[in-house]
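Reviewing the structure listed below.
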Amino acid sequence: MKKTIDTISYLPCAYKKITKLFEKKASEGYVLKSWDIKGDVQYYSTSPRNIQYCVDFIENYSAEYIETCAFYGWEFVYSNSEFMIFSHEGTKIQPLQNDEETENYMIRRGLLKNMKKRISKQIMFYAILPLVYVFAPYGLRMDFATQSFFPELIIPVTFLCVVSYYCMLWLLLNRMQRQSNFNINTGILSKKFILLPADLIFAGGFLIDTLLTSSNVVGSILGFALITLFIFPFVYLYKSVSNF
Amino acid sequence: MAREQLQNLSEPMYYVLLSLQEENFGYQIMEDVKNKTNGRVTIGAGTLYALLARFETNGYIIQTKEVERRKMYKIATLGEEALYKEFQRIKNLYNDGKQLEKNKENQHEKNN
């Protein structure tokens, strides 16, 4: 029986935590079927089983690789553009990764790839903000008489802030995860570093912008309320990652 | 993309390069390393294929041919240089460590 149980936000550095979660689920009778890049995890229910999992970040894998893994007892479960998942049922066997240096290298690469994707998603997401900035004031009947050049700078500056923030975040995450042997709770990291600051920068930016461009305070507050609507997807994301 | 130069080779890296002195493919390399070290060093499949991809990108090894979906590799000049450099480093470590042995022998003589 197929059943979707969780939504797990994926960060390569949390792979140890993720494999432990899958192993725990298998011992409860929910065996992993797939886990897509959006974070939707599908399990099928069965009797409790002792399954060992491995999240692998190998790039450009081949059929030869899957065959070799199978020969050494690791069955292929699922793959997407960023990672592969293997499992083994029964007694513990030699792990797929047994060289710390290579493992760290692969995690770094995986993290970089993931961060690039996240940044491009953010860029795409915030690309629609200028449209909101342009059309929302008309919708809210704001007064443009006092508009100056300065507010026009707010969008690119905040945009730049968020992009550089994500780059710094990647460096920080990488360093912290390496120091803690890649075992940090990603949910806590996301709460502390990703969600709140980035959204507050944007919500604050919008509030300042509307206050400066409009003499209508009610309109500004409505604008602030409008921008907070953009935060909901992040709140949803936070709730999902805090499952860890 | 600039080629990354590896500072030191880890044990699996060293043995993979050593095994590729002769043309070899994935599974065979793993078995070869196991035999060469009498089972002391075993390389996980994930580690091996990640290393092969990394070495190929760095120009340490080259893919010679593909036989029945199996990619055959051989060490390249750059890889040989890295391997020899690592061998020299280990040799130096060994020579420097000899002092420890002498100290231990002297201490043993004094005690007797």
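We name chains A, B, ... by the order of the sequence lines, and we start the count at 1 in each one.
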By the definition side chain to side chain contact (heavy atoms under 4.5 Å, CB included), identify the one residue from B:L48, B:L51, B:I43 that meets it with A:T102. B:L51

List the atom of A:A63, the atom of B:R69, and the distance in Å for their closest heavy-atom pair. CB-NH1, 3.6 Å

Atom NZ of residue position B:K85 - does it have more than 12 heavy atoms of other residues, nucleotides or ligands inside 6.0 Å? no

Could you check which of B:G46, B:A45, B:A53 has the highest count of heavy-atom pairs closer than 4.5 Å to chain A? B:G46

Hey, what do you get for CG (A:D56) to OH (B:Y49), rounding to the nearest 0.5 Å? 12.0 Å

What distance separates A:S62 OG from B:R70 CZ, expressed to the nearest 0.5 Å? 11.5 Å

Flag if over 12 foreign heavy atoms under 6.0 Å of CD, A:Q94: yes

Proximal component of A:Q97, with respect to chain B [non-hydrogen, under 4.5 Å]: both

Before accepting this row, confirm whether a basic side-chain N of the pair A:E101/B:R54 lies closer than 4.0 Å to the acidic partner's carboxylate O. yes

Please work out whether the ring planes of B:Y27 and A:F71 are parallel, tilted or perpendicular, with thresholds of 30° and 60°. perpendicular

Which heavy atom of A:N98 sits nearest to which heavy atom of B:G44, and what is that distance? OD1-N, 3.0 Å

Between A:Y65 and chain B, with a heavy-atom cut-off of 4.5 Å, which part of the residue counts as in contact: side chain, backbone, both or neither? both

Check whether the side chains of B:T47 and A:E103 place a donor and an acceptor atom closer than 3.5 Å, and report yes or no. no

Quick check: do A:D99 and B:E11 have side-chain heavy atoms less than 4.5 Å from each other? no

Atom CD of B:Q88 with >12 non-hydrogen neighbours under 6.0 angstrom: yes

